[in-house]
Amino acid sequence: MTGGPITVAGVTVEPGSRRDLAPATSESYTGDRTTLPMAAINGAEDGPRVFVTAAVHGDELNGIETCRQLLDVLDPATLRGAIVVVPIVNVLGVQIGSRYLPDRRDLNRSFPGSHTGSMAARIARLVLDEVIDGSDVGIDLHTAANHRTNVPQVRVVLEDAAARSLATTFGAPFVLSAKLRPGSLRAVAAERGVPVLTYEGGGPLRFDTDAIDVSLRGTLRVLQRLGMIDEAPEPAHPHPMVLHESRWLRAARGGLLELQCGIGDLVLAGEPLWSTASPLGAERASVDAEEDGYIIGATTLPLVQPGQALLHIALPGDRVPAEDDPTDEEDNDPEGVDRD
Ligand SMILES: [Zn+2]
């Protein structure tokens, strides 16, 4: 079956073709147009519509490269359905290397936005109207926040069976239960019946080749699962672990930090997690795991203060058997900086 033309941001994209668009989001101080570059690919045949977004947080760069590599391999002539790819949602944040927009607003707390609101609100509204609405599935690519790194993981509401199933298909080592944050892209999409996989991998302001590879494979695997492409790479991890409960472990003492575990590690109760020492060499603290858990995120700072979140640890969950499966709920996160 041949799909019909689609319209994205006022531009018609014929079946079997790709159009690169740059709809206006607002204006700069100098009165120049600020735009939101995106690629709209309309497959030759009918199928679902998917969006891929990255750099909603302007210092989270891995997804930008994932989008570039994805666009390199997608072929409108063989695609079934349509894909809209937005490699940099927070263009102004990326320009200044910041998670936030120049006015300090968090774009991922600004949905659904409005056409007459702040810069963040206008960008959010454009993304909602032109990218999210009308889609069947979305993939939103993130990294850990400032001074942190995350093992590749897909965050979803596990009770959403469709999202959960796609999350395990993605093939990241972990699928993490994460409730919907008000104002986030994922929450607003969910209200409209569009399940979104939020991918977290690596840290900010760099390209992490492993995290990029996992997300490219995962995105292609989801497209294949939806019947949009014929071939997809092997999953980075064929048996993801579904994690229901996680929390941040914080430093009790300040000092120089030595982590004794790495992200992705399974740490058993009683095994060492970290130690801290004073600059003069006196040991301040030596902390062991109280229970078994997977290290899914960690600080990258060598110096710590009391109360600082050091390790994001998840209770062991369910290993996904072959293609699919899982189970049930819960939430995570420290002071908000690691929220998608
Ligand atoms: Zn983010």
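First listed ligand is number 1; within each ligand, the first listed atom is number 1.
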Inset, instruction - Please check if any side-chain donor atom of Thr34 sits under 3.5 Å from a side-chain acceptor atom of Ser28, or the reverse. - result: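 Checked: Thr34/Ser28 side chains show no N/O donor-acceptor pair below 3.5 Å.
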Legend entry - Exercise: do His142 and Asp140 side chains pair donor with acceptor under 3.5 Å: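 Yes, Asp140 and His142 have a side-chain donor paired with an acceptor closer than 3.5 Å.
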Legend entry - Minimal non-hydrogen separation, Leu185 against Phe111, with atom names: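 Smallest interatomic distance, heavy atoms only, reads N-CD1, 3.6 Å.
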Inset, instruction - Take His115 and Asp129 through the side chain to side chain donor-acceptor pair (under 3.5 Å) test and state the conclusion after the steps. - result: CA-CA 10 Å; His115 295 297; Asp129 288 349; 3.2 Å; yes
Inset, instruction - For the Zn ion (ligand 1), find the closest N/O/S atom on His57 and give its atom name. - result: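 Going by distance to the Zn ion (ligand 1), the closest N, O or S atom in His57 is ND1.
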Legend entry - the Zn ion (ligand 1) - name of the N/O/S atom of His142 that sits closest to it: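 Going through the N, O and S atoms of His142 one by one, ND1 ends up nearest to the Zn ion (ligand 1).
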Inset, instruction - Could you confirm whether Glu60 has any N/O/S atom lying under 2.8 Å from the Zn ion (ligand 1)? - result: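 Yes - counting backbone and side chain alike, Glu60 has an N, O or S atom under 2.8 Å.
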